**Q** 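Mind having a look at this structure? Questions to follow.
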Amino acid sequence: MKDYEMVIGLEVHCELSTESKIFCGCTTKFGGAPNTHVCEVCSGMPGTLPTLNKQVVEFAVKAGLALNCDITRNNKFDRKNYFYPDLPKAYQISQLYCPICRNGHVDIKTSNGTKSIGIHEIHMEEDAGKLVHDEATGMTRVDFNRCGVPLLEIVSEPDFRSAEEVIAYLTKIRDTMQYLGVSDCKMQEGSMRADVNLSVRPRGQEEFGTRTEMKNIASFKAIERAIEYECERQIDLIEGGGKVVQETRRWDDEKEYTYAMRSKEDAQDYKYFPDPDLMPVVISEEYLESIKAILPEFADAKRERYVSELGLTEYDADIITGNVTLVKVFETSGAKCGNYKDAANWILTDLLKLYKDEGVTPEDKEFDGDKLGTIITMVNDGKINRKSGKKILTAVFEEDVDPQEYADKNGLAQVSDASAIEPAIKKVIESNEKAVSEYLAGNEKNIQFLIGQSMRELRGKADPKTVKDILEKLLSEMK
Ligand code: ADP
Ligand code: MG
Ligand code: ZN
């Protein structure tokens with residue numbers, strides 16, 4: 001058997017997290033009772049006109065700049081004509097001839113090192129509705145809530161040669177979109193969807209083989225499995241004397257195989273033409289500069305800075321920057337308490353454990369970094385001990401309490417003022433004559449016992465270090 005190489009190109013759809021839809025004022029919120037997030041425009045009533053949501057353009061430009069694209073200063077919308085029950089206008093407004101971003105690239109890291117993946121283009125378009133098949137009645141219903149939700153379609157060059165590269169790229173795209181705040185990229189909610197175009201060719205052959213397209217695979221794991229399966233299927237087919245047909249195939253994640261869905265259309269099948277209802281989108285130099293100026297710092301740069309400037313280990317920096325929600329908690333709490341290493345410690349040992357125990361992700365349940373900063377400050381200032389700090393952290397995690405109020409209410413404050421601690425320690429010295437005289441005679445180990453007794457007297461609410469200092473001072477006065 002010949003040695004084959006797989007060639008993959010990806011079309012990734014990201015739903016943008018704008019408040020309203022791309023051409024009308026309806027909400028983009030996920031879910032909702034069927035057909036409650038709709039109006040005349042997004043349900044395709046005749047005579048209605050689209051109005052472009054400016055924020056979609058801003059998000060597209062941000063994404064394009066972050067993915068090293070050229071921004072098309074004069075871009076425009078086209079109609080992609082096809083009939084489908086979840087597309088009430090019978091055309092989708094998209095960009096074919098002049099997409100807003102072109103010629104980008106993304107650098108990915110795999111076990112073979114760094115590789116640059118080309119981005120052919122990014123275009124803006126509207127999402128379609130959803131068909132809901134009801135097994136019980138055998139009927140199909142249509143929900144238009146998702147109609148008109150803005151999408152970016154990011155089309156890569158056929159640069160991938162393994163599933164590992166595909167996953168590294170998707171992870172990077174997702175992180176970038178999340179850092180930009182333009183899409184939450186939740187595969188499980190369908191706000192990030194990937195179509196995988198795959199072909200095989202004998203290694204060494206320059207020409208590409210015929211590709212198939214697998215649409216809307218719903219998780220990274222499934223994408224990996226689908227790629228392995230489809231690659232083998234094509235090789236077997238060719239080795240058996242057959243030919244790969246260009247078609248769209250559906251991946252069945254339960255049965256783990258792909259099956260033909262429809263023969264692949266070409267662009268001309270859609271009779272694209274410029275949408276006469278929308279003006280071209282003109283992007284001025286000033287506008288472009290203003291967007292460049294507000295681009296955030298991305299994961300790679302942050303990781304480096306966390307290590308070189310904030311003193312985190314590479315491992316810790318990697319975990320934090322791998323999740324934009326954790327980044328927020330880290331930067332807010334670190335700034336608040338003035339100690340980033342402590343902030344990282346609290347997040348990685350205590351906070352992540354809370355997430356793990358409850359089986360939720362930081363995005364599912366956002367933690368207020370400001371409150372973490374307050375807790376760390378309280379501990380570092382000796383107002384509470386670490387154990388109480390953890391207790392407060394748990395209470396904030398579970399009920400979003402106010403750390404200071406919670407400490408007061410539950411009597412967690414340490415007695416730090418010497419005038420309150422001294423009497424208790426004096427009492428311990430008086431009632432432990434033997435230990436004290438032994439200590440004064442040179443048995444220094446007894447100090448631990450006396451600290452323990454004092455802590456007990458103070459019901460654990462003092463800073464052990466302060467107790468030790470006062471104890472030593474009082475004992476030295478007795479020498
Ligand atoms: P269409 O718009 O008809 O889906 P495109 O030519 O725009 O087709 O390509 C779609 C995707 O398929 C791109 O990501 C591209 O990189 C990829 N692709 C094109 N040819 C091949 C091939 N022979 N093998 C694998 N992927 C391919
Ligand atoms: Mg396509
Ligand atoms: Zn609407």
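This one's a predicted model, so the numbers in the text were calculated from it and none came from an experiment. Every number for a ligand or one of its atoms is a count from 1 in the order of the listing.
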**Q** May I ask you to check if ligand 1 and Val155 share an N or O to N or O distance below 3.5 Å?
**A**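 Such a contact does not occur with ligand 1.
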
**Q** Is there a side-chain contact between Lys80 and Glu125 in this structure, where contact means two heavy atoms from C-beta onward sitting under 4.5 Å apart?
**A**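 Lys80 does not reach Glu125 side chain to side chain.
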
**Q** Look only at interatomic distance and state if Arg211 has a nitrogen or oxygen under 3.5 Å from any nitrogen or oxygen of ligand 1.
**A**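 Yes; at least one N/O pair falls below 3.5 Å.
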
**Q** Sum up the protein N, O or S atoms located under 2.8 Å from the Zn ion (ligand 3).
**A**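 With waters ignored, the protein N/O/S count below 2.8 Å is 4.
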
**Q** Check ring pair (Phe, Tyr, Trp, His ring centres under 6.0 Å) between Tyr82 and all other residues, then give those that pass, not counting sequence neighbours.
**A**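 Tyr82 satisfies ring pair (Phe, Tyr, Trp, His ring centres under 6.0 Å) with Tyr270 once adjacent residues are dropped.
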
**Q** Under the side-chain contact (heavy atoms from CB on, under 4.5 Å) rule, collect the residues that match up with Pro50, sequence neighbours excluded.
**A**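 For Pro50, the residues satisfying side-chain contact (heavy atoms from CB on, under 4.5 Å) (neighbours in sequence not counted) are Phe23, Ile93, Asp277, Leu278.
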
**Q** How does Asn197 reach ligand 1, if at all, at less than 4.0 Å between non-hydrogen atoms: by side chain, backbone, both, or neither?
**A**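 The answer is both.
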
**Q** Side chains of residues 54-69: which donor-acceptor partners sit under 3.5 Å, not counting sequence neighbours?
**A**
unit_1: Glu58; atom_1: OE2; unit_2: Lys62; atom_2: NZ; d: 3.1
unit_1: Asn68; atom_1: ND2; unit_2: His105; atom_2: O; d: 2.7

**Q** Can you confirm, on distance only, whether ligand 1 has an N/O atom lying under 3.5 Å from any N/O atom belonging to Ser199?
**A**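 N/O-N/O distance below 3.5 Å exists for this pair.
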
**Q** Would you say Asn53 and Ser20 make side-chain contact, with heavy atoms under 4.5 Å?
**A**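 A side-chain contact under 4.5 Å exists here.
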
**Q** Less than 4.0 angstrom from a charged side-chain N to a carboxylate O is my criterion; do Lys186 and Glu363 meet it?
**A**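 A salt bridge is absent here (no side-chain N lies under 4.0 Å from a carboxylate O).
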
**Q** Are Val196 and Leu10 side-chain neighbours, meaning at least one heavy-atom pair lies under 4.5 Å?
**A**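 Contact flag for Val196/Leu10 side chains = yes.
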
